[in-house]
Structure formats: structure tokens, C-alpha cells
Amino acid sequence: MIRTRDLSVRLGERDVLSGVGLHVRQGEWVAVIGPNGAGKSTLLKALMGLVGHRGEILLGDRPSGALKPRARARLVAYAPQTPALPRDMTVLDYALLGRTPYIPYLGRESGHDREVTESVLDRLDLTRLAARPVGELSGGERQRVVLARALAQQAPVLLLDEPTTALDLGHQQQVLELVDRLRRADGLTVVTSLHDLTVAGLYADSLLLLADGRAVASGAPSQVLTEESVGRHFEANVKIEPGPDGRPVVHLVRGGP
């Protein structure tokens with residue numbers, strides 16, 4: 001569903017990504033991990049066409065550059081980590097923006113558009129906040145509203161940049177479980193950047209580890225999350241052991257690397 005070959009991004013005087021290869025199959029969940037500044041957010045922006053790049057990006061079987069904005073938006077939905085939210089817009093109206101690719105120019109949303117959006121708000125426990133201005137929400141509530149807009153888009157590919165930022169533990173789990181249920185039920189292809197390595201290993205089918213803008217490891221969580229690899233690229237002293245389901249759990253060990 002997504003393939004990149006030799007993907008590179010230069011911002012200003014710095015090469016943020018260099019020669020990154022990514023292969024995401026339809027229905028797969030891939031988590032992009034790496035230390036701060038590794039290029040995780042830039043990779044998602046490049047996939048969405050928000051930054052210039054060198055190399056090849058294929059979405060489905062089509063080159064990314066051949067897609068017009070509306071066609072791309074029907075194929076790929078993107079939830080940024082720190083979006084600009086209009087303070088006076090209601091939660092419902094903001095989530096309805098996800099239906100923009102389906103609304104004719106100079107037209108208005110249909111009853112179906114509202115039904116889709118209201119269903120997403122219900123799934124994200126946001127129905128009671130539908131009429132509230134976005135500017136009055138807590139950080140965690142705003143994060144869920146951003147996800148609601150992306151899900152209302154009903155695109156087969158979902159790009160989520162740190163979707164659990166500012167969420168408490170319970171809402172983190174609710175959001176991740178919802179994404180996983182939608183992925184399995186609707187065949188969504190999901191690419192997320194995630195800060196928490198244990199969470200990434202728990203939910204994703206495979207991981208891509210970035211360091212200094214390069215892909216240094218990819219594969220199943222147990223292959224990527226090793227003590228040697230995490231210690232070297234994150235400069236952390238860790239103990240990694242299998243959890244109840246066999247997936248790796250990363251523990252910090254006091255005393256430094």
C-alpha cells in the first residue's frame with residue numbers, strides 16, 4: 001500500500017531523511033520509532049506530500065506526485081502531532097473538515113457526511129463535546145478531535161503522528177484499541193510515529209527504527225527492539241523481556257548507559 005525507495009528530505013541546510021526505504025502492506029500497522037530528531041514526523045509529512053523530497057513514494061500503485069490533492073486526501077488521512085485548531089470552531093464542525101474531499105466545490109456537507117462524522121465522534125467518546133468550541137478542550141480531548149477528523153476522512157491509509165501525545169493512560173489505550181479495531185474491521189493501513197517503545201511493539205505489526213535520518217532497522221518488534229539496538233540509538237540503559245503475549249517490553253535500568 002505504501003512503498004518508498006531512497007527517500008530523502010532536506011530542510012534548510014540539513015538532511016533530515018537520507019535514503020529511507022519503507023514497505024507497508026495493505027492492512028498492516030507500521031510504527032516509526034527513533035530518538036528525538038530522527039526524522040519520524042518528517043517521514044509522515046513526506047508521505048502526505050507536505051514537504052519536498054527526493055526519491056520515490058508510491059501510494060497504492062501510483063506515484064505520490066501524480067495524485068491531485070483531493071485524490072490524495074481520499075487515499076491518505078493524516079493527523080499531525082501539533083495541528084492548528086480554530087479556537088471558536090465546534091468539535092463537530094472541526095471533525096466535519098475530514099469530509100472535505102467528498103464535498104463538491106462551493107457545496108455543503110450532506111446528511112451522510114454528518115452521519116459518518118457523528119459516528120466517529122461517538123466511537124471516540126466525543127459526542128457530549130460535539131457543540132463545544134475546540135478552544136475549551138483539554139489537551140487530551142483536542143488530541144482525540146484531531147484523530148476524529150482523520151477518521152472521518154474514511155481513507156484506506158491512516159498516518160498518525162504521535163497519536164497518544166497528551167493523553168492519559170486510559171485514553172491512550174482507548175485510542176490505540178480503536179485504531180486497531182478499525183484497521184482490522186475496515187482493512188485500514190496504519191503508519192504511526194510513536195514515542196513509547198513498548199506501546200509501539202505492543203500494537204504494531206512491524207517497526208521502522210530511524211536514527212539520524214536513516215533507517216537502521218526494520219521488521220517484527222522482537223527483531224527491532226533489542227537491548228543492543230535501543231541502547232545504541234537511544235543512548236539508554238534498558239532491559240527488554242517478553243510480555244505476556246510474547247511481545248517485547250522495554251524497561252529503563254537506573255544508572256545510565
Side-chain angles (χ1 to χ4, degrees), residues 1-25 28-69 71-73 75-84 146 150 155 157-165 189-197 199-201 204-221 223-238 250 257:
M1 198 65 187
I2 301 174
R3 185 188 297 272
T4 73
R5 184 180 295 112
D6 200 26
L7 177 63
S8 300
V9 174
R10 187 174 181 85
L11 299 178
E13 299 299 317
R14 187 167 72 95
D15 290 321
V16 182
L17 293 176
S18 300
V20 175
L22 173 67
H23 182 199
V24 186
R25 296 183 297 273
E28 186 179 20
W29 185 336
V30 173
V32 183
I33 61 173
N36 292 341
K40 300 185 296 295
S41 295
T42 300
L43 174 58
L44 297 190
K45 290 176 181 177
L47 296 178
M48 195 59 197
L50 299 177
V51 296
H53 68 275
R54 303 184 305 279
E56 184 180 50
I57 299 177
L58 295 177
L59 300 175
D61 58 354
R62 300 179 64 185
S64 172
L67 294 169
K68 294 183 178 180
R72 183 194 297 270
L75 180 63
V76 182
Y78 170 64
Q81 184 176 350
T82 54
V146 173
V157 177
L158 191 58
L159 306 180
L160 305 176
D161 191 2
E162 297 286 358
T164 57
T165 297
T189 302
V190 179
V191 181
T192 56
S193 62
L194 285 170
H195 183 74
D196 189 311
L197 300 182
V199 168
D205 298 310
S206 62
L207 306 180
L208 174 68
L209 173 57
L210 297 180
D212 296 322
R214 296 183 179 276
V216 296
S218 64
Q223 296 173 320
V224 176
L225 295 178
T226 66
E227 293 176 4
E228 189 275 334
S229 181
V230 172
R232 180 170 75 252
H233 296 297
F234 289 85
E235 298 183 354
N237 190 18
V238 298
V250 181

Assess whether side-chain contact (heavy atoms from CB on, under 4.5 Å) is satisfied between L22 and L7, documenting all intermediate values.
CA-CA 9 Å; L22 173 67; L7 177 63; over 6 Å; no

Apply side-chain contact (heavy atoms from CB on, under 4.5 Å) to the pair D6 and R54, showing each step before the final yes or no.
CA-CA 8 Å; D6 200 26; R54 303 184 305 279; over 6 Å; no

Mind checking side-chain hydrogen bond (donor to acceptor under 3.5 Å, both in side chains) for R25 and listing every partner two or more places apart, or none if nothing turns up?
E28

Locate the shortest heavy-atom distance separating [X] from [Y]; write the atom from each residue and the value.
{"X": "S229", "Y": "L209", "answer": "OG-CD2, 3.4 Å"}
{"X": "P163", "Y": "T192", "answer": "CG-CG2, 4.3 Å"}
{"X": "A77", "Y": "A155", "answer": "N-CB, 3.6 Å"}
{"X": "A217", "Y": "V224", "answer": "CB-CG1, 4.2 Å"}
{"X": "P221", "Y": "A204", "answer": "CG-O, 3.7 Å"}
{"X": "L225", "Y": "L197", "answer": "CD1-O, 3.5 Å"}

Residues forming a salt bridge (charged side-chain N to carboxylate O under 4.0 Å, His left out) with D205, sequence neighbours excluded
R183

Taking only residues two or more places apart in sequence or in another chain, which ones pass salt bridge (charged side-chain N to carboxylate O under 4.0 Å, His left out) with R3?
none

Does any non-hydrogen side-chain atom of [Y] lie less than 4.5 Å from one of [X]?
{"X": "S64", "Y": "R72", "answer": "yes"}
{"X": "P63", "Y": "L58", "answer": "yes"}
{"X": "V191", "Y": "V24", "answer": "yes"}
{"X": "L47", "Y": "H53", "answer": "no"}

Got a second to check how far S41's OG is from L50's CG, nearest 0.5 Å?
11.5 Å

With rounding to the nearest 0.5 Å, note down the distance linking OG1 in T165 to CG in L194.
8.5 Å

Can you list the steps and then say if L59 with V157 is a side-chain contact (heavy atoms from CB on, under 4.5 Å)?
CA-CA 9 Å; L59 300 175; V157 177; 5.9 Å; no

For the pair [X] (side chain) and [Y] (backbone), establish whether a donor and an acceptor sit closer than 3.5 Å, ignoring hydrogens and angles.
{"X": "T4", "Y": "V20", "result": "yes"}
{"X": "S206", "Y": "V30", "result": "no"}
{"X": "K40", "Y": "G34", "result": "yes"}

Flag yes if more than 12 heavy atoms outside H195 fall under 6.0 Å of its NE2 atom; otherwise flag no.
no

Could you work out, with side chain to side chain contact (heavy atoms under 4.5 Å, CB included) as the rule, every residue matching S218, not counting sequence neighbours?
L208

With sequence neighbours excluded, residues passing side chain to side chain contact (heavy atoms under 4.5 Å, CB included) with A79:
V146, A150, L160

Side chains of residues 10-19: which donor-acceptor partners sit under 3.5 Å, not counting sequence neighbours?
from: R10; atom 1: NH1; to: D15; atom 2: OD1; distance (Å): 2.8
from: R10; atom 1: NH1; to: D15; atom 2: OD2; distance (Å): 3.2
from: R10; atom 1: NH2; to: E13; atom 2: O; distance (Å): 3.0

